[in-house]
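First comes the structure, then the notes that go with it.
Every number for a ligand or one of its atoms is a count from 1 in the order of the listing. Excluded from the calculations below are hydrogen atoms, water molecules and symmetry mates; all remaining heavy atoms, backbone and side chain alike, are included. Position 1 is the first residue of the sequence; numbering continues from there.
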Amino acid sequence: MKNIKEDEKLSILNHSCAHLLAQAVKHLYPHALFWVGPVIEDGFYYDVDLGDDVIKEGDLEKIEKEMKKISKDGKRIYREEISKTEALERFKNDPYKIDLIERMDEDSTVISCYTQGDFTDLCRGPHVDTVKELKYFKLTKFSGAYYKGDSKNKMLQRIYGVCFTNEEDLNEYLNELEEAKIRDHRKIGKDLNIFTSHDLVGKGMPLWLPNGAIIRKELENYIYKKEQKIGYNHVYTPCVGTTNLYKTSGHWDHYKENMFPAMKVDEEEFVLRPMNCPHHMLVYANELHSYRDLPIRIGEFATDFRYEASGAVKGLERVRCMCQNDAHLFVTPEQIGDEFKKVVSLILDVYKDFGLKNYKFRLSLRDKEDKEKYFDDDDMWNMAEDKLRSVLDEYGCKYYEAIGEAAFYGPKLDVEVKPAVGPEVTLSTCQLDFLLPRRFNLSYIDKDGTKKTPVVIHRAIFGTFDRFTAFLLEETKGILPLWLSPTQVNIIPVNNEYHSEYATKIFEILKEEGIRTSIDLKDEKLSYKMRESQTKKIPYTLILGDKEKENNLISYRIFGSKETITLDTKEFLSKIKNEIENKK
Ligand code: TSB
Ligand code: ZN
């Protein structure tokens, strides 16, 4: 979807449209006061104080109508530059504008106002020349928004909109918006009973419902099998560690703002872990190692807790309690290239299995100036970044570079994907680390009998099961492949009275075969039940009536198809088992 903020012309248009919105609101609610109205990725919004009024369903249409009227009038938009004193005088009855003006430095900021007809707003601009240019717009949604984003402050009304230069672009954008709403994993997750949340559990702490748990278990089994085949050993470690553990690793100094605060138990002080690396370092340290043992690959489906800002948490995509498909690979310096390539091939292999095509590789580097976020050792960083870059170039992996996105311990190769709503996020990651093995005094005995420090590669293929599931739901619009579907087969007897016995027999057979099956014996019409099966996006719907019962057959419809196919029960069984087995 187009990023309006990044398009200069559209930015000006949308910002001007925010003023048009404010003018219309002022006409309809003369007591309205305005806070800020910025351009955002998907258009613009304006935060408005309507006193005791709140925006309700249907109000946006009224405001839009007024905006159209003003636009037709076609008033010119005038810019005026004024002194701070004059600005304070002019907006003296408007506490929100006074707040803005008071924070302006007269020497460095030009204070400007824009006027169109009966409406003047304080604004840096620039704007279009006349309101006539603001013709192809739509108010898209509204919400409450605290003044300055602080929940202790008054709740303002935020009205969102978007504006284009022509009708075609607007319609295309609105269609995309509609599509994004359908794809949004939060909606799919709710409709298909995949996950939920509850205030009593907390923000960003999703509850995986039975359907979600099936998906997650299947994903775990899938990646576990892959990792077993290529020499990973899985472990279980606790999801807490002492603060000393995280002081040793460096998280305490460089990652603390992402961590939940410490808690005291007897004489020990614990934190909920934000990452699993320190635990895995200690798993490695449990034994002496020779160069012959390396690479050692320690994997875990590990629960982590991170402090994410409350405004940033989002469905399963950005959570405060997550489960990583994590592993730490302990290698000799000579093995870095090969091992890194193996991780990248695993990522590509997995993406191919899931049919994921829309992703980008990002080489995430440190910001040299930021000594707080990044461990301060230029030599180490230069070595790690050069090594990673050369491995990627050698591998022929296309990527773009991003400064300031590295982990505090080393540079990363991140795979970026675009969710239905909001900015891009990282899914898979593969990171090169010279630091943690040093901080934990890890070693192996090299060929010449001397002690050496291994290098660590941190990697997560799915990233977290949470984020991967969110993305998968959006990519598939909730239409999951058979092997991942919570319910694989739904059985509907044509007539409960005559066919439920046969339907139940088939249900038991399928269940016995390990196929996730449901049977619909509700007292409803066949057509209703068929529709419900579609709504639940169940891959196979079996419709069993006289013909099927008498001849031991089954008739089925595949999700999205109107064609009914009849097969011998045994034949159907082997077909579906084969499809599940081969992850078709
Ligand atoms: C790969 N120590 C490494 C690990 O060994 C690590 O923790 N890397 S990470 O910080 O990049 O996190 C791994 C992955 O977790 C990310 O690539 C991302 O896909 C996922 N992730 C990070 N934060 C969140 C979050 N708040 N919600 C859901 N998933 C997240
Ligand atoms: Zn790690």
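Remark: minimum distance from atom 22 (C) of ligand 1 to any protein heavy atom is reached at Arg306 NH1, 3.4 Å. The nearest protein atom to atom 16 (C) of ligand 1, hydrogens excluded, is given as Leu427 O, 4.0 Å; this is a heavy-atom distance. Atom 20 (C) of ligand 1 has its closest protein heavy atom at Thr464 CG2, 3.6 Å. Scanning the protein for heavy atoms near atom 3 (C) of ligand 1, the closest one is Tyr409 OH, 3.3 Å. In this structure, the protein non-hydrogen atom closest to atom 8 (N) of ligand 1 is Gln431 NE2, 3.1 Å. Of the protein's non-hydrogen atoms, the one nearest atom 27 (N) of ligand 1 is Val319 N, 3.0 Å. Regarding atom 28 (C) of ligand 1, its nearest protein heavy-atom neighbour is Glu317 O, 3.2 Å.
In this model, a donor atom of one side chain and an acceptor atom of the other lie less than 3.5 Å apart for Thr426 and Glu416. There is a side-chain donor-acceptor pair under 3.5 Å between Asp448 and Thr450. Side chain to side chain, Tyr540 and Glu579 meet the donor-acceptor criterion of an N or O pair below 3.5 Å. Judged by distance alone, the side chains of Asn325 and Glu227 do bring a donor and an acceptor atom under 3.5 Å apart. Remark: the Glu269 side chain and the Thr243 side chain contain an N/O donor-acceptor pair separated by less than 3.5 Å. Looking only at atom types and distance, the side chain of Asn358 has no donor-acceptor partner in the side chain of Tyr351 under 3.5 Å away.
Cation-pi geometry between Lys360 and Tyr400 is satisfied (NZ or CZ under 6.0 Å from the ring centre, within 45° of the ring normal).
Below 3.5 Å of separation, one finds no N or O of Thr429 facing any N or O of ligand 1. Remark: ligand 1 and Thr426 share an N or O pair separated by less than 3.5 Å (distance only, no angle test). At a 3.5 angstrom cut-off on N or O pairs, Pro274 does not count as close to ligand 1. Looking at Asp326 next to ligand 1, an N or O pair under 3.5 Å apart turns up. Distances between N or O atoms of Glu308 and those of ligand 1 include at least one value under 3.5 Å. Between Met275 and ligand 1, no N or O atom pair is found at a separation short of 3.5 Å.
In this structure, the ring of His458 has its center less than 6.0 angstrom from the ring center of Tyr409.
Using a 4.0 angstrom heavy-atom cutoff, Phe465 does not count as in contact with ligand 1.
With Phe301 as reference, Phe465 is the one residue of Phe462, Phe465, Tyr222, Tyr232 to meet the ring-ring contact (aromatic ring centres under 6.0 Å, His included) rule.
Counting the atoms of ligand 1 from 1 in the order shown, those under 4.0 Å from a heavy atom of Gly463 are 14 (C), 19 (O). Residue Cys277 has at least one heavy-atom neighbour below 4.0 Å for each of these atoms of ligand 1: 2 (N). Proximity to Met322 (heavy-atom distance under 4.0 Å) selects the following atoms of ligand 1: 23 (N), 24 (C), 25 (C), 26 (N), 30 (C).
With hydrogens and angles disregarded, no donor-acceptor distance shorter than 3.5 Å links the side chain of Arg320 to the backbone of Met205. A donor-acceptor distance shorter than 3.5 angstrom exists from the side chain of Lys314 to the backbone of Val421, with no hydrogens or angles considered. Judged by distance alone, with hydrogens and angles left aside, the side-chain atoms of Ser11 form a donor-acceptor pair with the main-chain N or O of Ile4 at under 3.5 Å.
Atoms SG of Cys277 and NE2 of His328, as seen from the Zn ion (ligand 2), are separated by an angle of 100°, to the nearest 10°.
Backbone or side-chain N, O or S atoms of His458 reach the Zn ion (ligand 2) at under 2.8 Å.
When the options Gln324, His458, Arg459, Arg467 are ranked by their closest heavy atom to atom 6 (C) of ligand 1, first place goes to Gln324.
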